[in-house]
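Because the structure is predicted, anything quoted here is derived from the model rather than measured.
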Amino acid sequence: MDLKKIFFVIFAVITMASCSDDDSYEYHYELLPVEDAQVPEVFEYGKIYDLTVTYLLPDDCYVNNDILYEYENTSRNIAVVSLVIESNDCEDLELEQELTFRVHALQKNPYIFNFWQGDDENGEPIYLTVEVPVINISNVSANEFEETHTEM
């Protein structure tokens with residue numbers, strides 16, 4: 001899901017919640033660190049691949065997890081986004097979860113995936129970085145990144 005769709009979903013949820021007569025639930029969105037990532041060793045140009053990330057749910061107030069997938073030239077910054085219900089009745093879980101998303105290999109340059117793992121003591125992001133080369137077996141015309149992607 002691209003960033004525009006995520007913002008649309010967030011906007012829709014906020015709009016629906018603001019129209020509700022029942023204001024008993026307050027919530028916010030939070031990024032959850034990626035513990036591990038399952039990524040193919042190589043992409044074939046033009047094919048679609050499933051990537052899976054593993055993350056921990058801290059408690060049962062974390063719901064509706066999705067992927068934040070940001071383009072940065074040939075790199076992709078990825079994190080898990082969760083809606084967090086603000087409540088004092090949350091039960092600790094530390095439950096390992098997996099989330100799978102799809103990537104369409106449409107660039108000839110290697111993909112560099114930066115999976116967000118939290119921030120260091122200075123507030124700088126820590127990433128698990130995985131580089132996936134792209135091969136072109138079918139001789140399909142592989143366009144440069146600028147011709148096949150729109151940067152956000």
Side-chain angles (χ1 to χ4, degrees), residues 1-18 25-135 142-152:
M1 182 178 270
D2 67 17
L3 195 55
K4 289 180 184 177
K5 289 181 184 175
I6 290 173
F7 287 127
F8 176 76
V9 170
I10 292 170
F11 176 76
V13 169
I14 290 170
T15 302
M16 286 187 287
S18 65
Y25 292 106
E26 294 198 23
Y27 56 88
H28 65 276
Y29 290 90
E30 190 172 310
L31 295 180
L32 298 176
V34 172
E35 299 291 319
D36 192 26
Q38 298 170 9
V39 178
E41 289 183 27
V42 66
F43 286 160
E44 184 179 336
Y45 179 81
K47 294 208 173 177
I48 298 173
Y49 294 89
D50 288 338
L51 279 63
T52 302
V53 294
T54 304
Y55 61 96
L56 295 177
L57 283 179
D59 59 48
D60 64 355
C61 288
Y62 286 74
V63 295
N64 295 340
N65 299 316
D66 204 351
I67 289 290
L68 175 64
Y69 188 89
E70 295 180 323
Y71 291 84
E72 190 174 309
N73 296 318
T74 60
S75 297
R76 307 294 185 268
N77 297 329
I78 299 164
V80 175
V81 180
S82 184
L83 182 138
V84 183
I85 298 170
E86 296 173 9
S87 171
N88 293 330
D89 299 330
C90 302
E91 208 173 302
D92 287 343
L93 290 177
E94 289 298 316
L95 181 64
E96 188 173 271
Q97 294 286 299
E98 288 186 343
L99 193 56
T100 299
F101 60 99
R102 298 188 134 198
V103 173
H104 194 178
L106 291 176
Q107 69 185 42
K108 69 178 181 180
N109 296 327
Y111 280 77
I112 300 169
F113 294 102
N114 296 310
F115 297 97
W116 184 76
Q117 294 192 304
D119 292 331
D120 66 15
E121 60 277 351
N122 298 321
E124 295 296 316
I126 301 169
Y127 294 107
L128 166 65
T129 301
V130 179
E131 185 172 323
V132 180
V134 178
I135 59 173
N143 296 324
E144 289 292 334
F145 171 81
E146 291 79 16
E147 296 174 18
T148 60
H149 292 79
T150 346
E151 197 166 338
M152 300 175 136

_Could you check whether any side-chain heavy atom of L51 comes within less than 4.5 Å of a side-chain heavy atom of P40, counting everything from C-beta outward?_
yes
*Which pair of heavy atoms, one from S87 and one from C61, lies closest together, and at what distance?*
CB-SG, 4.0 Å
*Mind telling me whether F113 and Y111 have parallel, tilted or perpendicular rings, with 30° and 60° as the class edges?*
parallel
*Measure the shortest side-chain to side-chain distance between V84 and C90 over non-hydrogen atoms and say whether it is less than 4.5 angstrom.*
no
*Calculate, to the nearest 0.5 Å, the distance between atoms CZ and CZ belonging to R76 and F101 respectively.*
10.5 Å
*Considering non-hydrogen atoms only, spot the tightest contact between R102 and D50 and give its length.*
NE-OD1, 2.9 Å
*Quick one: pull up NE2 in H104 and CG in L106 and give me the separation to the nearest 0.5 Å.*
4.0 Å
*Atom of Q107, atom of T74 and distance for their closest heavy-atom approach*: NE2-CB, 3.5 Å
*What's the spacing between T54 OG1 and L32 CG if we round to 0.5 Å?*
12.5 Å
*asked:* As an exercise, state the distance from OH of Y69 to CG of N77, rounded to the nearest 0.5 Å.
replied: 10.0 Å
*How many angstroms lie between CG in L128 and CD in E35, if you round to the nearest 0.5 Å?*
10.5 Å
_Less than 4.5 Å apart, side chain to side chain, heavy atoms only: is that true for V81 and L31?_
yes
*Heavy-atom distance under 4.5 Å between the side chains of Y62 and L93, does that happen here?*
no
_Listed once per pair and sorted, the side-chain hydrogen bond (donor to acceptor under 3.5 Å, both in side chains) pairs that draw on residues 120-135, sequence neighbours left out_ = N114-T129
*asked:* Does any part of the side chain of F115, heavy atoms only, come nearer than 4.5 Å to the side chain of V39, both counted from C-beta?
replied: yes
*Working to the nearest 0.5 Å, report the span between CG of L56 and CD of E96.*
6.0 Å
*Looking only at atom types and distance, does a side-chain atom of S82 sit under 3.5 Å from a main-chain N or O of V63, one as donor and one as acceptor?*
yes
*Can you check side chain to side chain contact (heavy atoms under 4.5 Å, CB included) on F43 and V103, steps first, answer last?*
CA-CA 10 Å; F43 286 160; V103 173; 4.1 Å; yes
*Do you know which two heavy atoms are closest between Y55 and P33, and how far apart they sit?*
CB-O, 3.4 Å
*For the side chain of H28 and the backbone of L83, is there at least one donor-acceptor N/O pair under 3.5 Å apart?*
no
